[in-house]
Participant: 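Sharing a structure, written as structure tokens. Questions coming.
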Amino acid sequence: VHVFIESDPASIMDRWSTAAGMESFFVEMMRITDPGGGEREMQQHAAPGDKFTWRWHNGRALTGSYLDSGSTNEVRFTFGECTVSVRAQECRNGSLLRLRQSGIPDDDNSRMHIHVNCRAAWVYFLTVLKTLLEHGIDCRDRSRQTGGVFSTYFDPAAVGVSFD
């Protein structure tokens, strides 16, 4: 997935490599710990080998680790059984961001619930990041009931809506 953002690569990468940055557009809560178990400060950049725990506004949670975050234009981390790589390069009056998720198993369930579900979520969160960096607006749905509408797991009946 690619998105153009009117911001410099370093500012974009700060959002992906710090707990404060991730909480600004992606998750409700994030904690990063170093290999010795010490918690990093909210603005402190993650380092390769650091572990993270995060929770989205809809209550879903995930743990993983940073594989690379030492450069100013790329961050890589585990994402369930997958790996996510985020790169930003200068382009015109901003940056072109590329997000690549790899290691998705090739079976029917994974194609739907990892490939399709994650792609929809990445488009949503990259839009949130773009809106935040360009306009200062955080447009996330923070509701526990409807905050996961971008997900293939969301059931409208859970909030009393039926599309007949």
Side-chain angles (χ1 to χ4, degrees), residues 1-5 7 9 12-33 46 48-69 71 73-89 91 95-135 137-164:
V1 179
H2 296 87
V3 63
F4 175 79
I5 301 175
S7 184
I12 293 169
M13 291 296 97
D14 282 349
R15 300 293 174 138
W16 290 94
S17 62
T18 66
M22 292 290 267
E23 287 182 7
S24 75
F25 81 98
F26 187 53
V27 294
E28 176 183 43
M29 181 282 303
M30 181 176 192
R31 298 297 173 264
I32 302 172
T33 55
D50 284 357
K51 305 287 185 207
F52 64 79
T53 301
W54 65 44
R55 182 184 64 245
W56 287 275
H57 286 91
N58 66 6
R60 294 193 68 168
L62 185 71
T63 60
S65 60
Y66 276 90
L67 304 171
D68 181 19
S69 64
S71 72
N73 70 342
E74 183 172 23
V75 171
R76 288 186 317 118
F77 53 88
T78 61
F79 192 73
E81 58 194 296
C82 303
T83 299
V84 170
S85 169
V86 180
R87 296 192 69 189
Q89 292 185 189
C91 177
S95 301
L96 188 62
L97 181 147
R98 179 189 75 192
L99 184 143
R100 183 175 285 166
Q101 183 172 342
S102 59
I104 300 171
D106 190 19
D107 57 70
D108 288 343
N109 186 57
S110 297
R111 279 188 220 105
M112 181 61 177
H113 294 292
I114 299 177
H115 181 79
V116 172
N117 187 62
C118 288
R119 182 173 175 81
W122 290 129
V123 168
Y124 171 79
F125 286 111
L126 291 176
T127 301
V128 171
L129 178 62
K130 177 180 177 69
T131 303
L132 183 65
L133 289 172
E134 292 183 1
H135 306 287
I137 300 168
D138 181 351
C139 61
R140 287 178 287 179
D141 181 348
R142 290 184 172 89
S143 165
R144 288 255 189 246
Q145 291 76 35
T146 58
V149 295
F150 56 83
S151 170
T152 58
Y153 299 102
F154 181 76
D155 179 9
V159 293
V161 175
S162 174
F163 289 97
D164 293 325

Participant: Measuring from atom OG1 of Thr33 to atom CZ of Phe52, what distance do you get when rounded to the nearest 0.5 angstrom?
Facilitator: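 It is 10.5 Å, given to the nearest 0.5 Å.
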Participant: Do you know which two heavy atoms are closest between Glu28 and Trp56, and how far apart they sit?
Facilitator: OE1-O, 3.6 Å
Participant: At what distance, to the nearest 0.5 angstrom, does CZ of Arg87 lie from CE of Met13?
Facilitator: 9.5 Å
Participant: Answer yes or no: does atom CZ of Arg111 have more than 12 heavy-atom neighbours from other residues, nucleotides or ligands under 6.0 Å?
Facilitator: yes
Participant: Output all residues satisfying ring-ring contact (aromatic ring centres under 6.0 Å, His included) with Phe4, sequence neighbours left out; order by chain, then residue number.
Facilitator: none
Participant: Classify the angle between the aromatic ring planes of Phe79 and Trp54 as parallel (below 30°), tilted (30 to 60°) or perpendicular (above 60°).
Facilitator: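 Ring orientation, 0 to 90° scale: tilted.
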Participant: Looking at every heavy atom in both Cys139 and Val128, which two are closest together, and how far apart are they?
Facilitator: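 Taking every non-hydrogen atom into account, SG-CG2, 3.8 Å.
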Participant: Just to verify, what does Phe25 make a ring-ring contact (aromatic ring centres under 6.0 Å, His included) with, not counting sequence neighbours?
Facilitator: Trp16
Participant: Nearest 0.5 angstrom please: Asn109 CG to Ile114 CD1, how far?
Facilitator: 7.5 Å
Participant: Return the minimal non-hydrogen interatomic distance between Ile104 and Cys82, and the atom names on each side.
Facilitator: CG1-SG, 3.7 Å
Participant: Nearest 0.5 Å, what's the OG-CD distance between Ser69 and Glu74?
Facilitator: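 Answer rounded to 0.5 Å: 10.5 Å.
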Participant: Would a distance-only check, ignoring hydrogens and angles, find a side-chain to backbone donor-acceptor pair under 3.5 Å from Ser110 to Asp106?
Facilitator: no
Participant: For Arg76 versus Thr83, what's the shortest heavy-atom pair and its separation?
Facilitator: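 It is NH1-CG2, 4.2 Å.
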Participant: Does the side chain to side chain contact (heavy atoms under 4.5 Å, CB included) test come out yes or no for Phe125 and Val1, once each step is laid out?
Facilitator: CA-CA 11 Å; Phe125 286 111; Val1 179; over 6 Å; no
Participant: Using the test side-chain hydrogen bond (donor to acceptor under 3.5 Å, both in side chains), find all partners of Ser24 that sit at least two apart in sequence or belong to another chain.
Facilitator: Arg15
Participant: Which heavy atom of Ser17 sits nearest a heavy atom of Ile32, and at what distance?
Facilitator: O-CD1, 4.2 Å
Participant: How far does CG of Leu126 sit from CZ of Phe26, to the nearest 0.5 angstrom?
Facilitator: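 It is 9.0 Å, given to the nearest 0.5 Å.
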Participant: Got a sec, which residues hit side-chain hydrogen bond (donor to acceptor under 3.5 Å, both in side chains) with Arg140, two or more places apart in sequence or on another chain?
Facilitator: Asp138
Participant: Going by the rule side chain to side chain contact (heavy atoms under 4.5 Å, CB included), which residues pair with Arg100 if we only count those two or more places apart in sequence or in a different chain?
Facilitator: Arg98
Participant: As an exercise, state the distance from CG of Leu129 to CD1 of Ile5, rounded to the nearest 0.5 Å.
Facilitator: 4.0 Å
Participant: Return the set of residues passing salt bridge (charged side-chain N to carboxylate O under 4.0 Å, His left out) with Asp107 (not counting sequence neighbours), or none when no residue passes.
Facilitator: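 Once residues adjacent in sequence are excluded, Asp107 has no partner under the salt bridge (charged side-chain N to carboxylate O under 4.0 Å, His left out) criterion.
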Participant: Say whether, by atom type as modelled, one donor and one acceptor occur between the side chain of Glu81 and the main chain of Gly103 under 3.5 angstrom.
Facilitator: no
